[in-house]
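The figures that follow rest on heavy atoms only: side chains count, while hydrogens, waters and symmetry mates do not.
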Amino acid sequence: LRGDGKTALRVSDVTGTFSAGEIVTYYDTDGTTVLATGTIETVDADGKFYIDAKNTGWELPSERVGKTVTVNGDAQIDSALSKFGIGSLLLDGTGDYLSISSTDDFGFGTDDFTIEAFVYKTADTGQETILDFRTAATDTAVALGIRSGNNPYVYINGTYQIDSATSITSNSWNHVAYVRQGTTGTLYLNGTSVGSWLDNTDYGTTKPLIIGAGYTGGFTFWTGNIDEIRVINGTAKYTTNFTPSTTPFLSEDSTVLLLHFDDISGSTDIVDDGISGQDIRFSGGATASKTTLVDLSDFGAEIRLIGSA
């Protein structure tokens with residue numbers, strides 16, 4: 001029996017091996033802030049390991065708090081219209097948008113990435129923005145939107161790198177995605193490539209995000225609804241033409257933002273369900289991306305686990 005005051009943990013998606021005597025550390029999404037750390041005392045045959053005394057800060061992926069999404073103007077959830085679930089984001093084109101502060105998760109560097117959403121446009125008021133990661137007009141960051149005539153575009157570093165000749169359908173749900181794989185950036189509309197370019201851009205280490213307006217939150221406002229926004233940092237989700245999802249998006253290991261907009265009409269409570277992976281490192285070099293068991297029962301606390309435990 002291990003009743004002398006130990007914290008029991010189990011992790012999954014492990015690369016490498018770890019053993020007793022190593023230090024295990026759990027980092028926040030910025031890769032530097034330590035959330036929990038301790039020295040492994042023993043390791044069971046099934047991979048469960050023990051840290052002496054109560055070691056707080058450990059959590060399951062489902063317990064992670066997502067990004068703070070700030071509501072601006074009259075942006076709100078609309079339960080009368082949705083692609084999936086019970087709601088979508090409603091923007092009236094006159095000052096409504098969402099904003100997320102700069103984060104390392106949106107600093108794509110030279111890695112692969114995917115940004116996508118379902119959009120429903122109710123009026124052609126000229127150029128309108130879906131997602132904008134820029135901080136200035138010529139920033140090396142992605143702006144994804146619709147030009148006058150309902151043609152999707154990708155705007156990076158002061159240039160329309162992709163300007164689609166194919167238009168979205170107004171008053172209907174359309175899937176729009178921009179994907180970089182290696183040095184190829186591709187814009188997809190409803191699962192079909194509508195343009196690509198040589199994208200060897202270094203997108204830096206940190207960026208903000210504006211949803212439904214240009215980077216200042218003061219122009220090219222979206223008129224209509226947006227649903228199922230997903231940002232994946234480190235993975236090119238689509239590498240050829242595809243059939244867009246017929247179910248709500250899931251949070252994958254590289255997902256850094258996931259917005260379902262499921263709430264009652266008028267709600268401004270926007271919840272990010274995107275955090276799935278974790279940054280767990282062992283001093284011997286091994287890593288893990290998910291905690292599946294946190295057992296503090298020796299201290300009168302609860303046992304938390306997920307199915308894979």
Side-chain angles (χ1 to χ4, degrees), residues 13 81-89 105-106 108-121 128-133 141-147 149-156 160-201 203 209 211-212 222 224-262 272-277 289:
D13 301 332
L81 181 66
S82 66
K83 176 61 181 177
F84 304 117
I86 61 172
S88 65
L89 174 66
D105 286 339
F106 299 152
F108 303 132
T110 57
D111 294 335
D112 293 352
F113 64 88
T114 304
I115 60 176
E116 61 182 324
F118 282 93
V119 299
Y120 190 105
K121 200 165 184 285
E128 300 183 19
T129 301
I130 302 169
L131 303 170
D132 196 340
F133 294 87
V142 177
L144 175 66
I146 305 294
R147 296 258 256 169
N150 287 347
N151 301 85
Y153 69 82
V154 175
Y155 188 86
I156 299 168
Y160 291 96
Q161 304 293 356
I162 303 176
D163 206 350
S164 170
T166 305
S167 60
I168 68 169
T169 303
S170 294
N171 297 303
S172 179
W173 285 109
N174 299 263
H175 180 261
V176 181
Y178 180 65
V179 180
R180 179 169 69 180
Q181 180 191 27
T183 58
T184 300
T186 304
L187 175 61
Y188 294 96
L189 175 59
N190 295 320
T192 300
S193 170
V194 292
S196 61
W197 74 295
L198 175 63
D199 186 355
N200 55 11
T201 309
Y203 289 100
L209 174 59
I211 299 169
W222 184 262
N225 294 61
I226 303 176
D227 203 1
E228 296 297 309
I229 294 173
R230 181 166 63 177
V231 179
I232 304 175
N233 185 349
T235 301
K237 175 68 175 176
Y238 313 111
T239 58
T240 187
N241 290 349
F242 60 95
T243 300
S245 179
T246 57
T247 58
F249 290 151
L250 299 176
S251 181
E252 304 176 1
D253 283 346
S254 300
T255 301
V256 295
L257 181 72
L258 179 59
L259 304 178
H260 294 300
F261 303 110
D262 286 337
D272 172 23
D273 294 314
I275 294 179
S276 58
S289 62

Short side-chain to backbone donor-acceptor contact, Thr183 and Leu198, under 3.5 Å: no
Option passing side chain to side chain contact (heavy atoms under 4.5 Å, CB included) with Ile162 (candidates Ile156, Val154, Thr186): Val154
Shortest non-hydrogen separation from Gly85 to Ser82 and the atoms involved: O-OG, 3.1 Å
Backbone of Tyr155 reached by a side-chain donor or acceptor of Tyr160 within 3.5 Å: no
Any side-chain heavy-atom pair of Leu259 and Leu89 under 4.5 Å: no
Minimal non-hydrogen separation, Ser254 against Gly234, with atom names: OG-C, 4.5 Å
Leu258 side, atom CG; Ile229 side, atom CD1 - distance, nearest 0.5 Å: 9.5 Å
Atom pair CG/CG of Leu144 and Leu187 - distance to nearest 0.5 Å: 6.5 Å
Pairing residues for Asp105 by the salt bridge (charged side-chain N to carboxylate O under 4.0 Å, His left out) criterion, not counting sequence neighbours: Lys67
Taking every non-hydrogen atom, the tightest pair across Asp262 and Phe84: OD1-O, 3.8 Å
Close side-chain approach of Asp273 to Phe249, heavy-atom, < 4.5 Å: no
Trp173 side chain near Asn225 side chain, heavy-atom distance below 4.5 Å: yes
Residue pair Tyr203 / Phe113, side-chain heavy-atom distance below 4.5 Å: yes
Under 3.5 Å: donor-acceptor pair, side chain of Asn241, backbone of Ser193: yes
Pair Asp13-Ser289, side-chain donor/acceptor within less than 3.5 Å: yes
Residues that Lys121 engages under salt bridge (charged side-chain N to carboxylate O under 4.0 Å, His left out), provided they are two or more places apart: Asp124, Glu128
side-chain contact (heavy atoms from CB on, under 4.5 Å) partners of Thr239, counting only residues at least two apart: Gln181, Ala236
Considering all heavy atoms, the nearest Ser167-Asn151 contact: N-ND2, 3.8 Å
Residues that Arg180 engages under salt bridge (charged side-chain N to carboxylate O under 4.0 Å, His left out), provided they are two or more places apart: Asp199
Partner of Tyr188 under side chain to side chain contact (heavy atoms under 4.5 Å, CB included), chosen from Val194, Thr114, Val179: Val179
Min side-chain heavy-atom separation Pro248-Glu228 under 4.5 Å: yes
Residue pairs, two or more places apart or on separate chains, that pass salt bridge (Lys or Arg N to Asp or Glu O under 4.0 Å) and touch residues 230-242: Glu116-Arg230, Arg230-Glu252, Lys237-Glu252
Step-by-step side-chain contact (heavy atoms from CB on, under 4.5 Å) determination, Trp222 to Ile146: CA-CA 9 Å; Trp222 184 262; Ile146 305 294; 3.5 Å; yes
Exam field: side chain Ser164 to backbone Thr166, donor-acceptor pair closer than 3.5 Å: yes
Sub-4.5 Å side-chain heavy-atom contact between Ile211 and Ile130: no
Nearest-0.5 Å distance, OG of residue Ser196 to CD of residue Gln161: 11.5 Å
For Asp111, all residues meeting salt bridge (charged side-chain N to carboxylate O under 4.0 Å, His left out), sequence neighbours excluded: none
Proximity of Phe261 and Phe118 rings by center, below 6.0 Å: no
Close side-chain approach of Phe108 and Val231, heavy atoms under 4.5 Å: yes
Heavy-atom closest contact (Pro244 atom, Gly191 atom, distance): CG-N, 3.8 Å
